[in-house]
Amino acid sequence: MVEIKTPEQIAKMREAGLVVAAVHAATREAAVPGATTRDLDEVSRKVLAEHGAKSNFLGYGGFPATICTSVNEVVVHGIPDEKTVLKDGDIISIDAGAIIDGWHGDAAYTAFVGTGHAPELVELSRVTEESMWAGLAAMKLGNRLVDISKAIESYIRRQPRPATGKYGIIEDYGGHGIGSEMHMDPHLLNYVTRKRGKGPKLVPGFCLAIEPMVSLGTAQTDVLEDNWTVVTTDGSWSSHWEHSVALTEEGPLVLTAVDGGKAKLAEYGITAAPDPLG
Ligand code: MG
C-alpha cells in the first residue's frame with residue numbers, strides 16, 4: 001500500500017525537507033580536512049534543534065546519530081565517530097533527515113574533502129547526482145515506478161565509462177516511499193529487472209526518496225561488523241545522492257531542494273510545482 005498525501009501533508013513534508021537542506025548546507029561547510037565525522041553529526045544536531053525538528057535517523061533500528069557519514073569505499077550507513085578524521089582527497093556521502101509534525105524528509109549528497117580529487121571521482125559524483133535528477137524528472141503523472149528506475153539506470157549507462165571499467169549501480173539498496181515514516185512502500189530500484197513488474201502508477205500525492213548509489217567498480221556490497229556500515233566488496237569508492245520528492249497535480253516538487261528542484265528540472269523541460277510555503 002502506498003501512502004498518498006494531501007496537499008497539506010505535502011506542505012509539512014516541504015517544511016521537513018527545508019530543514020534537511022539546512023543540514024546539508026551546514027555539514028557541507030564543516031566537511032573539511034581535520035574534522036571528524038562526529039563533528040558533522042554535532043553540526044546536524046544543532047541545525048535540527050534550531051528548527052525544532054526531530055531526527056528520523058537517531059534511534060532508527062538503534063542507529064546512534066542524526067546523519068550517516070560514508071567515506072570513500074563506504075557506500076551508505078556509515079556511523080559518525082571520533083576516529084574517522086576527514087583527510088584531503090577523501091569523498092564523503094552525508095545522508096540527513098528531519099521530522100516536522102510527524103512528516104519526514106530524507107536527502108543525501110557527496111562532498112569532496114579538501115582539493116585535488118582525481119577527475120574520475122569528480123565524474124563519479126556528477127554522474128550519480130545527475131542520474132538522481134533524471135529519476136526526479138521521471139516523477140510524472142502517467143508514469144509508473146519502473147520509469148524512474150529506467151531513467152536512473154539509462155542515464156548512468158549513457159555516460160562514458162570510467163577508466164576503472166564500468167560504473168557499479170549498487171544493487172542491494174535503493175529509494176523508497178516517504179511520508180509519515182522515513183521508509184515506506186514502495187521500494188525503488190536504481191535499475192530495471194524483469195523480476196519486478198512495472199510498479200504502481202504515479203499519482204498526485206505520491207512521495208518518494210530517490211537515491212542512486214554508484215561505485216567505480218562493483219555493484220555488490222558487504223555490511224561491516226557494526227551491522228550498519230555498507231562497503232563495496234572490491235573497495236572501490238562510491239557516491240550517493242538523494243532527494244525526497246512529491247508528485248502534485250502541478251508536477252513534481254523536490255521537497256529537499258531549496259528551490260524545489262526548479263532549476264534542475266527545467267533542464268529536463270519540466271516545471272516544478274509551486275512551493276506550498278511560498
Ligand atoms: Mg533514503
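Order of listing sets the numbers, starting from 1, for every ligand and every atom in it.
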- For the Mg ion (ligand 1), how many protein N, O or S atoms lie at less than 2.8 Å?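 There are 4 of them.
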- Below 6.0 angstrom between ring centroids: does that apply to His183 and His176?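 That pair passes the under 6.0 Å test.
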Check residues 264-278 and write down every donor-acceptor pair under 3.5 Å in which the side-chain atom is one partner and the other belongs to a residue at least two apart or another chain.
{"residue": "Lys264", "atom": "NZ", "partner": "Glu130", "partner atom": "OE1", "Å": "2.9"}
{"residue": "Lys264", "atom": "NZ", "partner": "Glu130", "partner atom": "OE2", "Å": "3.1"}
{"residue": "Lys264", "atom": "NZ", "partner": "Glu267", "partner atom": "OE1", "Å": "3.2"}
{"residue": "Tyr268", "atom": "OH", "partner": "Glu130", "partner atom": "OE2", "Å": "3.2"}
{"residue": "Asp275", "atom": "OD1", "partner": "Arg14", "partner atom": "NE", "Å": "3.3"}
{"residue": "Asp275", "atom": "OD1", "partner": "Leu277", "partner atom": "N", "Å": "2.8"}
{"residue": "Asp275", "atom": "OD2", "partner": "Arg14", "partner atom": "NE", "Å": "3.1"}
{"residue": "Asp275", "atom": "OD2", "partner": "Arg14", "partner atom": "NH2", "Å": "2.9"}

- Task: Work out which heavy atom in Val230 is nearest to a heavy atom in Tyr173; give both atom names and the distance.
- Result: CG2-OH, 3.3 Å
- For residues 99-122, which residue pairs qualify under salt bridge (charged side-chain N to carboxylate O under 4.0 Å, His left out), counting only residues two or more places apart or in two chains?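 Non-adjacent pairs meeting salt bridge (charged side-chain N to carboxylate O under 4.0 Å, His left out): Lys12-Asp101.
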- Task: Can you tell me which residue pairs pass the side-chain hydrogen bond (donor to acceptor under 3.5 Å, both in side chains) test with a partner in residues 249-261, sequence neighbours excluded?
- Result: His243-Thr256
- Exceeds 12 heavy-atom contacts within 6.0 angstrom, atom NZ of Lys5: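 Atom NZ in Lys5 is packed in, count exceeds 12.
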